[in-house]
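Structure record follows, encoded as structure tokens.
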Amino acid sequence: MSYDHTTIETTWQKRWEDEGLYRSVVDWDRPKHYALTMLPYPSGDLHMGHWYAMTPSDARARYMRMKGYNVLFPIGFDGFGLPAENAAVQRGVHPAKWTWENIGRMRTQLRSMGAMFDWQREAISCEPKYYKWTEWLFAQMFKNNIAYRGEAMVNWSPSLNTVLANEQVIDGVDERNGQPVIQKLMEQWFFSITNYADELLSFEGIDWPDAIQAQQSNWIGRSEGAKVDFTTEAGDTLTVFTTRPDTLWGATFMVVAPEHPLLGSITSETHRESVDAYVDQASKRTELERIEDGGDKTGVFTGGYATNPVNGENVPVWVADYVLISYGTGAIMAVPAHDERDFAFARKFGLTITPVVQPPDVDRLDGATMQGAYVGVGTMVRSGPLDGTIVTDAKGRQNPSVSAAIDWLVENGAGLEHVNYRIRDWLIGRQRYWGSPMPMLHRADGEIEVLELDQLPVVLPEDVEFDGRSPLKEHPYFASAIASDGSEARRESDTLDTFMCSSWYWFRYLSPDFDTAPFDPAEAAYWLPVDTYTGGAEHAVMHLLYARFFVKAMRDIGIFDDTIAEMTTRGRDPEGLFDEPFLQLRNQGQILGETRTGDRLVIDGNAEGQRILATSVLLDSDASDDAGLVVGELMRRTENILQIAPTEGGNVTVEVPAEATVDIPAIPGTNDVNQLKHHLEVERMSKSRGNVVNPDDLVAKYGADTIRTYLMFAFEWQKGGPWDSKGIVGSHRFIEDVWKLGTHSYKPDAIDDASTADLRRKVHQTIQRIDQAIVAFKWNTVVAALMSLRNELVEAKRSGAVSDEAWTEAVDALLLMLAPIAPHITEELWNQRGHTSSIHVEAFPEADATVAKEDTITMVLQVNGKVRDRVEVSAEVTAAEAEAAAMASPKIQQWLDGTTIRKVIVREPKLVNIVATP
RNA sequence: GCCCCGGUGGUGGAAUGGCAGACACGGCGGACUCAAAAUCCGCUGCCCGCAAGGGCGUGUGGGUUCGACUCCCACCCGGGGCACCA
């Protein structure tokens, strides 16, 4: 019978679902494992990236189940979001209709993967029974002062007609649509994530990739320093934040941001006109335009002065947009002698520069002649009481000068020690339609009222028209409501950022229909927290940071109290289980578009014997064969030597001297020869580039098992890479071979004990390798180990020299170990081989170390670290025997001839290294 | 500028400080076939050599070590994050 993947896969998918094989039920007698894959957005079709992300997630969940864990592996959809509204505007489809149709299609496609999702726990964030609790959670945050309404400079996207969170803006443009955003002072809803900054900087107790930890730490941006109070002429306190309070004595002017609230009172009448003009012009510039200016600084003098508290000196106050209102206090003390930006500003406008840190071994610095700011180590000078204090390159209190300066400020009442963070509060409201409503009322008297549970959910109305703006403000249900005291009110028409929906979804999976709380404590007490979370690293400072904040906030509000009580009743210690959402996080890489062949180099130069000395190298994929002296593909580069494969004939060696010109159009600026190898034609797999591989077509052609196997085998999972459609045949051959082995009725020919032992050893070594590889998420080596076992079985089948028992053990082990990766074919073969229960509830094979152990080992014999011979020795060889065996080798004797042995290193049974000199 | 990750055959990629290149793809040669596909067998890092064998080889340069893809230092290149952040 030949392998018919379509029949096998559809049959088993249906049977598993009918029999409820993947239903997960609380069972306190068994250890639990909560495996989670990132909530997919229902964009329309499942693409290869989803398969790539979810297959290892599924395989690992299956492995844990075979290892004896009670595994929960749920799935759902992130139903709200802008693409649905865009579809409405562009194609006239209602967002709800568009979303639900996509969900329907993706459900079918997800089922074709054969993943062990427990569909009865499916949660969809745009359903009222879900977003009722999103609203309720917001209400709890509001009541506990974690959500608040406040005025701040926010990112406004004119193209989307909504505000965006800081995390959604990169280099002044929307991270999703690339359109510019502008800064606007607006009253908005925020979550005070800033209050959790310090806790979020600690990753204790969780196993997350270094890169994510680094990104989150960068984003939070903790700086230690001091707040220092300067006094303006009008008597106001102008506070600055500085990480270098030790340079206060060198502060020769101050700069405030154009939006600074004290700017008006600082500005003198004679300067008001020019200040107003500057502020007006600055407000019109987008962040993007400012960034494009680079280091060139603009600004004007306010005409006002302030007093430096450390020495009583009057310093001029300037306004300039290189000082940002959103960071620190929006005002700085400028120390041009020791800060690059202040130095550039001072030189441009002719301001005083006073050095207060003296570098070692250099003449006394002179502000008038300095070429740049000095930011290195030295000794404090011109700093009154602190003269002579050592300045190191350490940050904060670690630096003696900073520490001394803070102490001085505190003692003299001139300032306070302060830690500043870069992260800003999470802007949570959106002026959009397709999102969770907010459970808030604005009363006629201006007060804000939060709705109670019995009034939830505020249902999103569906009878609306679209023109790119939110229709909620005008909708009768939102425009007029009655407050608790019977007065007139309007509903809040902002909706919640969809990242809030995805900040708690793994709790909703526990009990998607639970009606009296966001989740059922009886489920939560058993399943929480998530043990393993997998998904893309692009969510590092958005979803993954928000999720951590959310759990901490929920914990502080007391939302887990019932769960903790239930845990305690069950004898499970709740200590520390609600500080972090996901104990282990692993990120997959990205699947890119298929590499285009035909990157061609056009080389001109002179032939010198065998090689060519280039004068110019140009990368031009469309170049014709006669466009230069040599035209062809770059096969290899070693330093400045290129191997070029022309269309016809053998490789040509080209030397590229330093003076030759190299031109790679895709890499801007001056190119050099070192960049050549790295210029591969790889593109991100996306619809717009037309290089998408459709998983549905591949499923039809090869079957889900082959694709799953290939995706795990072809890449280093955490790295990803360009799709290679040719490589899939290797995985397909493997699956076909498994079919042949699994359906073969083995009859031994002439049983040979050594062959039998060899096969058994291979089986048990493979189990050991796979256990290690799965723990490390090294899926390519898991598949490689199974392929290697396949090779042994093919050989055993041909020889007929292994015993019946060994054959059966090996084939069964192969099927069991492959089951997490290729669930359908293994289930079918398991069934055909006479087993009545599912392979997916079987125990994973246990390695027997005694069987796995080698009896003889190839020992390497080295002379001076170079391998000169190999001998077979017993695994139990002693050091003396090993050395004797080495000395007995004729080849080794030859190499030792005429030398003196200095030392013999024996690492039995693997190696003997003889150190000898002439 | 600061922080994180990486650089190994034609390609994807393996290697607790101990045989570099497992496992695949591709390529080459052969078998089967009228032929092709599929399948099966063999070879496949580079260089010298008919061979036996030898030399070189994990981005570059140094170091530690009997021994380094692996550890340390410096540099080059690529990818990602942060950035007039005071």
Side-chain angles (χ1 to χ4, degrees), chain A residues 170-171 209-221 223 225 240-244 247 255 290-291 293-297 320-324 326-335 339-342 344-345 375 420-422 537-538 540-541 589 595 633 635-639 643 645 651 667 672-680 710 713-716 718-719 721-722 724 726-731 733-734 736 769 772 778 780-788 790-791 794 798 858-867 870 891 902-905 907 910-916:
Chain A
I170 295 171
D171 293 341
D210 289 346
I212 300 288
Q213 295 189 27
Q215 278 185 58
Q216 293 199 348
S217 300
N218 275 346
W219 187 260
I220 293 165
S223 310
V240 302
F241 171 72
T242 178
T243 55
R244 294 296 305 276
T247 62
V255 186
R290 264 232 326 265
I291 290 163
D293 271 2
D296 193 37
K297 291 180 177 49
D321 67 2
Y322 83 89
V323 172
L324 309 174
S326 54
Y327 186 79
T329 62
I332 63 159
M333 61 160 195
V335 185
D339 181 284
E340 300 286 1
R341 299 150 299 178
D342 298 343
F345 194 81
V375 293
N420 196 64
Y421 299 94
R422 205 193 68 91
E538 66 274 17
V541 296
T595 306
E633 240 180 295
M635 302 310 287
R636 179 177 190 163
R637 176 181 69 79
T638 310
E639 293 290 278
Q643 297 289 326
N651 282 7
I667 303 177
D672 71 76
V673 70
N674 292 322
Q675 292 168 315
L676 277 172
K677 188 182 178 185
H678 294 282
H679 181 73
L680 298 170
Y710 181 56
F713 178 64
F715 306 88
E716 194 185 332
Q718 331 225 358
K719 185 172 150 203
D724 175 12
K726 287 196 294 256
I728 198 166
V729 300
S731 300
R733 284 175 194 148
F734 169 62
E736 293 265 15
R769 282 177 68 185
Q772 284 170 17
K778 289 187 152 278
N780 50 351
T781 62
V782 171
V783 178
L786 292 171
M787 285 178 166
S788 187
R790 174 268 315 255
N791 292 342
V794 167
R798 187 165 40 203
T858 308
M859 185 166 72
V860 173
L861 308 181
Q862 297 181 334
V863 177
N864 293 329
K866 286 187 194 286
V867 180
R870 299 178 173 90
K891 284 186 187 166
R902 302 288 171 197
K903 201 171 177 183
V904 180
I905 290 112
R907 290 287 177 276
K910 291 179 107 174
L911 164 144
V912 176
N913 184 18
I914 300 163
V915 184

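Chain letters run A, B, ... following the sequence lines, proteins first, then strands; residues in each count from 1.
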May I ask you to decide if the ring planes of A:Phe345 and A:Tyr322 are parallel, tilted or perpendicular, using 30° and 60° as cut-offs?
tilted
Return the value, rounded to whole Å, for the distance between atom [atom1] of [X] and atom [atom2] of [N].
X: A:Asn791; N: B:C41; atom1: CG; atom2: C1'; answer: 14 Å
X: A:Asp339; N: B:C85; atom1: CG; atom2: C1'; answer: 11 Å
X: A:Phe734; N: B:C25; atom1: CZ; atom2: P; answer: 12 Å
X: A:Phe345; N: B:A86; atom1: CZ; atom2: C1'; answer: 14 Å
X: A:Arg798; N: B:C40; atom1: CZ; atom2: P; answer: 9 Å
X: A:Asp296; N: B:C84; atom1: CG; atom2: P; answer: 15 Å
X: A:Asp724; N: B:G27; atom1: CG; atom2: P; answer: 12 Å
X: A:Gln213; N: B:C4; atom1: CD; atom2: C1'; answer: 11 Å

So what's [N] paired with, Watson-Crick or G-U wobble, going by both distances under 3.5 Å?
N: B:A38; value: none
N: B:G78; value: B:C5
N: B:C66; value: B:G18
N: B:C56; value: B:G45

*Pair A:Thr247-A:Met333, side-chain contact (heavy atoms from CB on, under 4.5 Å): steps then yes or no*: CA-CA 10 Å; A:Thr247 62; A:Met333 61 160 195; 3.7 Å; yes
I want to check one thing: is the phosphate of [N], taken as OP1 and OP2, less than 4.0 Å away from some side-chain N or O of [X]?
X: A:Lys719; N: B:G13; result: yes
X: A:Ser326; N: B:C85; result: no
X: A:Arg790; N: B:C23; result: no

Could you measure between the two [atom1] atoms, the one in [N] and the one in [M], and give it in whole Å?
N: B:U58; M: B:G6; atom1: C1'; value: 14 Å
N: B:G10; M: B:C46; atom1: P; value: 7 Å
N: B:U8; M: B:A52; atom1: C1'; value: 30 Å
N: B:G59; M: B:C76; atom1: C1'; value: 7 Å
N: B:A24; M: B:A15; atom1: P; value: 15 Å
N: B:C5; M: B:C72; atom1: P; value: 11 Å
N: B:G78; M: B:C41; atom1: C1'; value: 42 Å
N: B:G21; M: B:C69; atom1: P; value: 12 Å

Measuring only between side-chain heavy atoms, which start at C-beta, is [X] closer than 4.5 Å to [Y]?
X: A:Ile212; Y: A:Gln216; answer: yes
X: A:Val915; Y: A:Asn864; answer: yes
X: A:Ile905; Y: A:Gln862; answer: no

The nucleotide from B:C23, B:C25, B:G81 with an atom nearest the side chain of A:Lys726 is B:C25
Taking B:C82, B:G12, B:G53 as options, the one with an atom nearest any side-chain atom of A:Phe713 is B:G12
Atom [atom1] of [X] and atom [atom2] of [Y]: how far apart are they, to the nearest 0.5 Å?
X: A:Arg907; Y: A:Met859; atom1: CZ; atom2: CE; answer: 13.0 Å
X: A:Asn420; Y: A:Tyr327; atom1: CG; atom2: OH; answer: 4.5 Å
X: A:Ser731; Y: A:Met787; atom1: OG; atom2: CE; answer: 4.5 Å

Comparing A:Asn864 with A:Gly727, nearest RNA chain B nucleotide closer to 5' gives the residue A:Gly727
Residue pair A:Ala784/A:Val541 against RNA chain B: nearer the 5' end by closest nucleotide is A:Ala784
(Q) Would the base of B:C84 count as contacting A:Lys297 through its side chain, where contact means a donor and an acceptor less than 3.5 Å apart? (A)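 Checked by distance alone, the answer is yes.
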### Message
Under 4.0 Å, heavy atoms only, any strand: does A:Arg902 hit a base, just the sugar-phosphate, or nothing?
### Response
nothing
| Heavy atoms under 4.0 Å, any strand shown: does A:Ser731 hit a base, just sugar-phosphate, or nothing? | nothing
- Task: Could you walk me through whether A:Asp724 and A:Phe715 pass side-chain contact (heavy atoms from CB on, under 4.5 Å), step by step?
- Result: CA-CA 10 Å; A:Asp724 175 12; A:Phe715 306 88; over 6 Å; no
* Who pairs with A:Arg769 by salt bridge (Lys or Arg N to Asp or Glu O under 4.0 Å), at least two apart in sequence or on another chain? ->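 Partners of A:Arg769 by the salt bridge (Lys or Arg N to Asp or Glu O under 4.0 Å) criterion come out as none, since no residue qualifies.
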Base of B:G9 relative to its sugar, syn (within 90° of 0) or anti?
->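 It is syn.
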B/S/- along nucleotides 14-21 of chain B (protein heavy atoms under 4.0 Å) is SS--BB--
